[in-house]
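Proteins get letters first, then strands, A, B, ... in listed order; numbering begins at 1 in each. What you see is a predicted model, and the numbers here were worked out from it, not measured in a lab.
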Amino acid sequence: MAGGNLRDIRRRIASVRSTQQITRAMKMVAAAKLRRAQERILATRPYAYRIRHLVGELVAQLGPEAHPLLEPRAAERVLLVVVAADRGLCGAFNANILRLAEDTILSRYAEHREQGRLSVMAVGRKAHEFFVRRRYRLVGDWRGIFQGLRFEHARAITDRLVRGFLEREWDAVELVYNEFKSVVSPNRIVEPLLPVRPASLYGAEQAETGQRPVYLYEPDPEALLAALLPRHLTVQVWRALLESNAAEQGARMVAMDNATNNAAELLRQLRLTYNRLRQASITKELLEIVAGAEALARAREA
Amino acid sequence: MAKTFHLEILTPERVLFSGEVLSLKAPGVLGQFQLLAQHAPLVAQIDIGVLEVVFPNGLRRYFATSGGFVEVKANRAVVLAEAAEAAEEIDIPRAQAALQRAQQRLREPNWDRARAEAALKRAQNRLQVAARYGEAG
C-alpha cells in the first residue's frame, strides 16, 4: 500500500514538473513578444506626433467647423470599440478590460443599450465571444488580428469607424483598451475617438510657440485636412492596438511567472511528502526485520 | 559647402530615413515638385509614386510610397507616408502577389472597386520602382 502511494506521488511530481516547463517556456515567449511590442510602440511615435501636429495646425487655422469629423453631435447612437486579446492564459487581462467596458455601458449607456442605440466593435476573439454571448450588436468581425498584427488592421478598423460616423450610424466613438504602463500596472482606459476634439490635437509645441510659420498649402488647407484626419485617427487606433498587445504580453508574462513559481512551491511540498513517506516505509521495514530477528532469537533461546 | 537640408521619411512603423540631403523630388497631388535647401514652409499632399533623394556626394536613393504628406519648416522636411520602402528593399514576390490579388478582385463583382484599384496602383508602383531603381541602390 505504501508503495502504491509513493508511485502516485512520483507521477504527480512528474506531471507538475512538465506543466512547469510549459509555463516557463510561455513566460519566455511572452517576454520576447513584449519587448518587440514595446519597440513597435516607440517606432510609431515620430509619425504619430507629426501627423497630430499637422492636423492641429490646420484645425487652428480653419476652425473646428472645417470638417464633419470634428463636428460634435448629440450622442444619439454610440459605438464602443473594445480591445481585448485573442487568447487566454494571461491572468485577468481579458476579464478586467471586459468588465471596464461593461461598467462603462451600465453607467453611461444603459439607455442606449435598451433602445438599441449602442453598437460594439469587439477587437480580439475574447471580446468578440463576450459580446456575442450578451447579444450586443456587433460591428465587423475582428477575431484573430493579434496573431500577426499589421498596420492594415488599424486602417480597416478606422475606415469602418469613419464611414459609420459620416453616415450617421453612430454619433460618437469611444475606445476601451489597455494602455501599457508597465508590466505590473497596465492602465485600462476609456478614450473618446470621434468626433475628434480639437483640444486633443494641440501638443506642447503649439502652446509655447506664439507665431506659426506661414505655410504654403498644396492642395488647399481644407483638402489637406480632409486627407489628414483619417490618417490621424488610424494612428490613434494603431497605437491602441499596439498598447493592448504589449499589455497582453506583459500580463501573460506575469501570469506564467506566477504559475511557474506556484509549480515550484507545489513540487517542494510534493517532494517533502514523498521523502517523508519513503522514510516511513523504510523505517517500518527495518522495524519488521528487527522484530523478526528478535523473535527468531527468542525462539532459539527457548 | 553644398547647401543641404534635413530630411526625415516617417511611416507608422518606423523611421525609414533621416539625414542631410541636397534635394527631394516628390509626387505631389498637383504635380511633381522638388525641394532644395531653404525652401519656404510647405504642407503638401503626395500621391502614389517615387521619392528621389539626392545626397551631398551626388548619390541618389529612391523610395516607393503609397502617398502621404510632406511638411517643410525651418530647413527641415518630413515625409509622412503610411507605407514607404527603399527601392532596393522592395519585396518583389510580395508585390507581385498583391498585384495578382488586386487584379483578381477587380474581376469579381462584389469587391469594393475603389479599394481594389488603389491596391492595384500601389502594387504596380512598387514593382515599377523596384524594376527601375532597385538594382542601382
Side-chain angles (χ1 to χ4, degrees), chain A residues 36-37 39-58 61-62 149-156 158-160 163 205 209 211-242, chain B residues 6-19 26-35 38-48 65-85 91 94 98 101-102 111-112 114-116 118-119 122-123:
Chain A
R36 171 97 187 88
E39 284 165 12
R40 288 177 95 181
I41 295 173
L42 289 180
T44 194
R45 277 195 192 150
Y47 177 90
Y49 181 75
R50 294 315 298 173
I51 286 269
R52 192 186 66 178
H53 165 78
L54 277 184
V55 175
E57 285 284 350
L58 286 164
Q61 188 185 325
L62 297 171
L149 184 62
R150 284 176 302 123
F151 187 74
E152 282 73 53
H153 291 126
R155 191 153 33 196
T158 311
D159 282 355
R160 185 70 190 88
R163 184 155 50 87
E205 189 186 343
T209 57
Q211 90 266 27
R212 288 196 194 88
V214 182
Y215 284 102
L216 300 166
Y217 292 105
E218 195 188 303
D220 53 286
E222 287 82 3
L224 278 170
L225 182 62
L228 273 162
L229 273 171
R231 266 117 171 159
H232 168 67
L233 289 166
T234 307
V235 183
Q236 306 285 99
V237 170
W238 177 233
R239 194 183 62 83
L241 294 178
L242 290 178
Chain B
H6 189 83
L7 173 69
E8 277 185 292
I9 303 178
L10 308 179
T11 77
E13 288 170 277
R14 61 179 167 149
V15 176
L16 187 60
F17 173 82
S18 175
V29 288
L30 303 181
Q32 198 192 49
F33 60 85
Q34 181 174 25
L35 298 178
Q38 305 301 334
H39 195 283
L42 166 78
V43 181
Q45 191 180 355
I46 55 174
D47 229 330
I48 296 178
T65 171
S66 64
F69 306 88
V70 179
E71 184 196 10
V72 185
K73 187 173 71 175
N75 214 33
R76 296 173 67 87
V78 183
V79 176
L80 298 163
E82 283 204 340
E85 289 157 288
D91 185 339
R94 222 188 103 196
R101 201 163 50 236
W111 272 93
D112 181 345
R115 264 180 96 153
R122 284 199 301 270

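Test A:L54, A:L229, A:L58 against A:L224 for side chain to side chain contact (heavy atoms under 4.5 Å, CB included) and you get one pass: A:L58.
Contacts between B:A83 and chain A at a heavy-atom distance below 4.5 Å are absent for every atom of the residue. A:R239 does not touch chain B: none of its heavy atoms, backbone or side chain, sits under 4.5 Å away. Heavy-atom distances place no part of A:L242 under 4.5 Å from chain B, backbone and side chain included. For a residue to count as touching a neighbouring chain, one of its non-hydrogen atoms must lie under 4.5 Å from one of that chain's; by this rule A:A48 does not touch chain B. Interface residue B:E13: backbone and side-chain heavy atoms are both found under 4.5 Å from chain A.
Chain A forms more heavy-atom pairs under 4.5 Å with one residue of B:V70, B:L30, B:V78, B:V15 than with any other, namely B:L30. With respect to chain A, the highest number of heavy-atom pairs below 4.5 Å among B:P12, B:G67, B:A44 belongs to B:P12.
Other residues, nucleotides and ligands contribute only 12 or fewer heavy atoms inside 6.0 Å of the CZ atom of B:R115.
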> Yes or no on side-chain contact (heavy atoms from CB on, under 4.5 Å) for A:Q61 and A:Y217, after CA distance, side-chain angles and deciding distance?
Replying inline: CA-CA 12 Å; A:Q61 188 185 325; A:Y217 292 105; 2.8 Å; yes
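Although no hydrogens or angles enter the test, the distance criterion places a donor-acceptor pair under 3.5 Å between the side chain of A:R231 and the main chain of A:A227.
A salt bridge links B:E8 with B:R76: the closest approach of a Lys/Arg side-chain nitrogen to an acidic carboxylate oxygen falls below 4.0 angstrom.
Scanning both residues, B:A26 and B:I46, for their nearest heavy atoms gives CB-CG2, 4.0 Å.
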